[in-house]
Amino acid sequence: MADLFNTTTFVLKHLIETRTLPALDLIKLLISQSLGYAILGGACISKLPQILLIEQAGSAHGLSKEMFEIETYTFLVTALYGYTRQLPFNTYGESLILAMQNLVILGLVYSYTRTPALRRLVVWGAYVALTVGVVTGNITKNTVEVFAHTNTGLVIFSRFPQVVKNFTARSTGTLSGITAAINVLGCVVRIFTTLQAGGGPAMLRSYTVSLIINATLLLQIIAYRKNT
């Protein structure tokens, strides 16, 4: 948080010494950094309601395992994209945190749906291979950028089955409304911070599409709440 501390100190010093507001770009930077760290904090608990809901229900009814499998991959790609571009951690760190929480959700979904061990092994292995490959440099920065550009289509592909499933059943099962609302808010903030930090079109497009789909899921949860 050294960057936020330094920016805050500079802004306060400017206010005290000149009794005027600093440049607009500096104010935007301070807001962006503050929101970035707020999102990191929120990300630590954003998936917790979903995890608790599954545990309390003792079921993964209404949840699409494909959605969580692909969503975890897109979170990992976003995190690795920010890592390879050497962006500030507060601009992409929540993607890593959300991916880790998704792994817990996937474990629960796999357990309650009795998913075959081979499928579990293939999915977990793919996540590990991707992460290790990027960190060790065996997967290049350019390749990660290609992955990031394909994230938009994957986000749609991962969430669409869940949207259709909700629409068909007229119910959202054990899908958490709190988590969906946090996701919507997080996407809005991330669009702003990505613009400020220069995260690139791939990241911006991914967050924009995620906002639209998460908002759709939230609306379904509200619309079908009496049937759920």
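Heavy-atom basis, side chains included; hydrogens, waters and symmetry copies ignored.
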Given Leu12, Leu15, Leu29, Thr7, the one that forms side-chain contact (heavy atoms from CB on, under 4.5 Å) with Pro22: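 It is Leu15, the one option of Leu12, Leu15, Leu29, Thr7 that forms the side-chain contact (heavy atoms from CB on, under 4.5 Å) with Pro22.
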| Does the side chain to side chain contact (heavy atoms under 4.5 Å, CB included) test come out yes or no for Val77 and Leu130, once each step is laid out? | CA-CA 8 Å; Val77 168; Leu130 174 63; 4.1 Å; yes
Measuring only between side-chain heavy atoms, which start at C-beta, is [X] closer than 4.5 Å to [Y]?
X: Tyr92; Y: Tyr81; value: no
X: Thr78; Y: Tyr207; value: yes
X: Phe10; Y: Leu26; value: yes
X: Phe75; Y: Asn151; value: no
X: Leu63; Y: Tyr112; value: no
X: Ile213; Y: Gln162; value: no
X: Thr8; Y: Leu30; value: yes
X: Leu80; Y: Phe147; value: no

Looking at every non-hydrogen atom in both residues, tell me the closest pair between [X] and [Y] and how far apart they are.
X: Leu218; Y: Gly177; result: CD1-O, 3.8 Å
X: Ile139; Y: Ala129; result: CD1-O, 4.3 Å
X: Val163; Y: Gln220; result: O-NE2, 3.0 Å
X: Ala180; Y: Ile221; result: CB-CD1, 3.8 Å
X: Thr115; Y: Arg120; result: O-NE, 2.9 Å
X: Ser95; Y: Ala79; result: CB-N, 3.9 Å

What distance do [X] atom [atom1] and [Y] atom [atom2] have between them, rounded to the nearest 0.5 Å?
X: Leu24; Y: Ile31; atom1: CG; atom2: CD1; answer: 8.0 Å
X: Thr72; Y: Leu106; atom1: OG1; atom2: CG; answer: 4.5 Å
X: Leu76; Y: Leu96; atom1: CG; atom2: CG; answer: 7.5 Å
X: Asn214; Y: Leu185; atom1: CG; atom2: CG; answer: 11.0 Å
X: Lys47; Y: Ile178; atom1: NZ; atom2: CD1; answer: 13.5 Å
X: Leu204; Y: Phe192; atom1: CG; atom2: CZ; answer: 12.5 Å

task = Answer yes if the side chains of Tyr110 and Glu69 hold a donor-acceptor pair under 3.5 Å, and no otherwise.
result =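 Side-chain D/A pair, Tyr110 to Glu69: present.
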Q: Mind running side-chain hydrogen bond (donor to acceptor under 3.5 Å, both in side chains) on Asn166 and Ser171 for me, showing each step along the way?
A: CA-CA 5 Å; Asn166 295 342; Ser171 168; over 6 Å; no
Q: Applying salt bridge (charged side-chain N to carboxylate O under 4.0 Å, His left out), name anything that partners Glu66, two or more places apart in sequence or on another chain.
A: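 Glu66 satisfies salt bridge (charged side-chain N to carboxylate O under 4.0 Å, His left out) with Arg119 only.
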Honestly curious: do [X] and [Y] fall in one hydrophobic cluster under the side-chain, below-4.5 Å linking rule?
X: Ile70; Y: Trp124; answer: yes
X: Leu108; Y: Met67; answer: yes
X: Val134; Y: Tyr127; answer: yes
X: Val123; Y: Ile105; answer: yes
X: Phe68; Y: Leu103; answer: yes

### Task
Go through the steps to decide whether Val144 and Thr140 satisfy the test side chain to side chain contact (heavy atoms under 4.5 Å, CB included), and finish with yes or no.
CA-CA 6 Å; Val144 175; Thr140 66; over 6 Å; no
Q. Any donor-acceptor pair under 3.5 Å linking the side chain of Thr113 with the backbone of Val109?
A.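 Indeed, once roles are kept as given, a pair shorter than 3.5 Å links the two residues.
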Q) Hey, is the main chain of Ala43 close enough, under 3.5 Å, to the side chain of Gln101 for a donor-acceptor pair? A)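 Side chain of Gln101 to backbone of Ala43, a donor-acceptor pair under 3.5 Å: yes, one is there.
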Q: Kindly confirm or rule out a cation-pi arrangement of Arg170 over Phe167, judged by NZ or CZ under 6.0 Å from the six-membered ring centre and within 45° of its axis?
A: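 Yes.
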Note to self: Please enumerate all residues that pass side chain to side chain contact (heavy atoms under 4.5 Å, CB included) together with Val132, with sequence neighbours excluded.
What the structure shows: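 Expected list: Val128, Thr136.
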**OP:** Check step by step if side chain to side chain contact (heavy atoms under 4.5 Å, CB included) holds for Leu40 and Tyr37.
**Re:** CA-CA 5 Å; Leu40 280 180; Tyr37 283 110; 3.8 Å; yes
- Task: Take Arg225 and Ile222 through the side chain to side chain contact (heavy atoms under 4.5 Å, CB included) test and state the conclusion after the steps.
- Result: CA-CA 5 Å; Arg225 64 185 183 280; Ile222 295 172; 3.5 Å; yes
